[in-house]
2 protein chains.
Amino acid sequence: MPGSEKEITIYDIAKKLNVSAATVSRALQNHLRVNKNTKKMIVKAAEEMGYRSNSFASNLRRKNSNIIGVIVPRLNSSFTSDVIAGIEKVVNDNDYNLIISQSLETMKKEINNAKAMLNNRVDGLLVSLAYDTINVEHFEPFIKRRIPVIFFDRVVEHDHYPQIYIDNFKAAYEITGHLIEQGCTRIVHITANVLRNVYSERLRGYKAALEKHGIQFDESLLFINDLSANASAITAQEILKMNPLPDGLFCANDASAVSCIQVLKKAGIKIPGDIAVAGFNNDPVSCVIEPNLTTINYKGFEMGEVAANLLINHLVNKNDLQQTHSLILRSELIIRESSAREK
Amino acid sequence: MPGSEKEITIYDIAKKLNVSAATVSRALQNHLRVNKNTKKMIVKAAEEMGYRSNSFASNLRRKNSNIIGVIVPRLNSSFTSDVIAGIEKVVNDNDYNLIISQSLETMKKEINNAKAMLNNRVDGLLVSLAYDTINVEHFEPFIKRRIPVIFFDRVVEHDHYPQIYIDNFKAAYEITGHLIEQGCTRIVHITANVLRNVYSERLRGYKAALEKHGIQFDESLLFINDLSANASAITAQEILKMNPLPDGLFCANDASAVSCIQVLKKAGIKIPGDIAVAGFNNDPVSCVIEPNLTTINYKGFEMGEVAANLLINHLVNKNDLQQTHSLILRSELIIRESSAREK
DNA sequence: TTGTAGGCGTTATCAA
DNA sequence: TTGATAACGCCTACAA
């Protein structure tokens, strides 16, 4: 039956053309020292015979896999899928392959993912850390084997791992400053686990902006949740109970801000009149919510491209990863109606 | 230096324990016929020595990869990332790995992706077709080699490929019927390339509902675009020029519906008073747009799980894929304010 | 229950 | 420029 054809190997091609397998191998890799005609002949025969290279054999022999691993907290978020799309593009353009797994925000699963990546012999690893990861020892086996590991977005300070992220401090500083300039003096900040740089830095930026404008940081205006729509709706209910109400709200992501706006509006609060609101990420929803959301724009797709390029350049050149310690991408404040007070 | 340690192989373990490599290999695979103590000893030594199996060698020998390939149009859409998350979960739980690539909606790239998947010796393939794919010949090499290929969501009728999708016809029939029941008689339908089942079926459902209620299909009420926010904003402008205006709008996805609502509202059109609107997908934005969007809910995560389970079951049992020809998942009409007319 | 030995398909070294 | 040959690390008849 036609389905059971045996796979063609370089030996089959060699036999057919009366050359050695070594020559076929060289021809197929575009090796320099192979006769032009021989090469042409071999490539043609390979095509005709339906040859496809066996990457296992090749990887086994060459001791690398051409596979890049990615570990992210979750795949189904607008930001993450943008990042992955950017990574995939670069990786694919460079004839690498992509293995992806998600930690589902737990360190436990992240450790397992890392093990699987190691066993799959990835040539390099891109990681955005889980919510509760408290150390990065599980990536040490990679360092020992000189397999580059690069952190992006959710990073951790460490000599061995280059990092790619945005200046979360500056972004939060700017957006909080903006709220203050709109006349806000009691600004609630909703953020997540400050173990993660992205949240601790945003908190730091928030505090710095307050201080700059002579506003005292008030612990009771700080809320920590997981920034999901559900959790933030609950937090919004608590905010409604505050007396006096705050006049500003800075959420560490857009999903949280949108959820809060919905709850607050339903309770009759005017946005931005009573409470000016700002988010973070420039998710698609930020242009759909009414009023449109003031937020920080930073391009996940670009972050993915940059991370993948850094990794692949290193894999190809084997030299420049030690120098690059961190890479900070651009972000920008986008002012929309949710924070635009009439003066 | 510590970083350059050589990888441990089963031979290293064998030598250390004075057994044969074959025994080590068997012990590590939990083979039946291995002495319990020997096994215990070997597993312990492997652990201590930092052994990790070399999947290339193993794959080369066993002629399978434990890798599942996924090709999707784009990674960065809410629906797709849900699907991928579902696939990843199942695949990971079953100790398979995932290679992902995106066709960016072009058949050309899809063909390349398929080739790469073939070279990577995936054990099976999950595919959602690109926008302009006109045939599926590029998947035939998989069939020839008995590598299962399963289509999901954007499928094509074909004997060799099982399909997983929702009843797009029925869903569109229901949602159009709902609009009609709300009093709509001139309902615009915006959809995409009817080459793809998801769009042709939705169109068919739309037409069937009209006919059922004695409304003649009007070609001038049908718009084809790529359903992006930008394209749909332009289409909405055209709708505004119609005279008389339509009184209903059914978009084949939520992004399109949301974009239209935004343009129409800005032009002073009342939703649902002047025009009742419905979308498709139940994207997160559908609960953020005002008024909230009537839509069809279907779970991408679940579709991913089902697809991956079907594939893996087949890979493990090697028998039941021929029988399963198509698998239709549940979907439901969700009625929200965008279509709820006062009576 | 364990060991021997050959081969999976490729690449790299060395020699011709 | 080409060929012979030996790995790469694992798995599995087959034999013991």
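Numbered from 1 within each chain, the chains take letters A, B, ... in sequence-line order.
At least one donor-acceptor pair under 3.5 Å links the side chain of Arg196(B) to the backbone N or O of Tyr131(B). Distance alone, capped at 3.5 Å, places no donor-acceptor pair between the Thr23(A) side chain and the Val19(A) backbone.
With contacts defined as side-chain heavy-atom distances shorter than 4.5 Å, the pair Ile147(B)/Asp123(B) does not qualify. The side-chain heavy atoms of Lys115(A) and Glu110(A), taken from C-beta on, include no pair separated by under 4.5 Å.
Each end of the helix from dT1(C)-dA16(D) to dA16(C)-dT1(D) gets its own axis from five base pairs, and the two axes differ in direction by 30°, given to 10 degrees.
Evaluation of the salt bridge (Lys or Arg N to Asp or Glu O under 4.0 Å) rule for Lys299(A) yields no partner, not counting sequence neighbours. In terms of the salt bridge (Lys or Arg N to Asp or Glu O under 4.0 Å) criterion, Arg61(A) has no residue partners (sequence neighbours excluded). Residues satisfying the salt bridge (Lys or Arg N to Asp or Glu O under 4.0 Å) test with Glu302(A), not counting sequence neighbours, are none. With sequence neighbours excluded, the residues that form a salt bridge (Lys or Arg N to Asp or Glu O under 4.0 Å) with Lys44(B) are Glu48(B). Residues passing the side-chain contact (heavy atoms from CB on, under 4.5 Å) test with Asn54(A) are Phe56(A), Ala57(A), Leu60(B), Arg121(B), sequence neighbours excluded.
Between the side chains of Gln29(B) and Ser25(B), at least one donor-acceptor pair of N or O atoms lies under 3.5 Å. Using modelled atom types, one finds a donor on one side chain and an acceptor on the other under 3.5 Å when comparing Asn30(A) with Lys39(A).
Of all the residues in residues 44-59 of chain A, not one reaches under 4.0 Å from DNA chain D with any non-hydrogen atom. DNA chain D is contacted by Arg26(A), Arg33(A), Val34(A), Asn35(A), Thr38(A) of residues 26-38 of chain A, taking any non-hydrogen atom closer than 4.0 Å. A heavy-atom distance below 4.0 Å to DNA chain D is reached by these residues of residues 17-25 of chain B, ordered by number: Ala22(B), Ser25(B).
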Which donor-acceptor pairs under 3.5 Å do side chains of residues 86-100 of chain A form with protein atoms, sequence neighbours excluded?
unit_1   : atom_1 : unit_2    : atom_2 : d
Glu88(A) : OE1    : Gln102(B) : NE2    : 3.3
Glu88(A) : OE2    : Asn92(A)  : ND2    : 3.0
Glu88(A) : OE2    : Gln102(B) : N      : 3.1
Asn94(A) : ND2    : Val90(A)  : O      : 2.7
Asn97(A) : OD1    : Asn120(B) : ND2    : 2.9

Below 3.5 Å, can you tabulate the donor-acceptor pairs from side chains in residues 151-158 of chain B to any protein atom, sequence neighbours excluded?
unit_1    : atom_1 : unit_2    : atom_2 : d
Asp153(B) : OD1    : Tyr298(B) : OH     : 3.1
Arg154(B) : NH1    : Glu105(B) : OE1    : 3.2
Arg154(B) : NH1    : Leu129(B) : O      : 2.8
Arg154(B) : NH2    : Glu105(B) : OE2    : 3.0
Glu157(B) : OE2    : His325(B) : NE2    : 3.3
His158(B) : ND1    : His160(B) : N      : 3.1

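If you take CG of Leu60(B) and P of dT12(D), they are 12 Å apart, rounded to a whole angstrom. Between the NZ atom of Lys39(A) and the P atom of dT1(D) there is a distance of 9 Å, rounded to whole Å. When rounded to the nearest whole Å, the span between OH of Tyr11(A) and C1' of dT2(D) equals 14 Å.
Using a 4.0 Å cutoff to heavy atoms of chain A, the contacted part of DNA chain C runs 5' to 3' from dG9(C) to dT13(C).
Looking at Lys63(B) and Glu7(A), no side-chain N of the basic residue comes within less than 4.0 Å of a carboxylate O on the acidic one, giving no salt bridge.
More than 12 heavy atoms of other residues, nucleotides or ligands shown are found within 6.0 angstrom of CG on Asn135(A).
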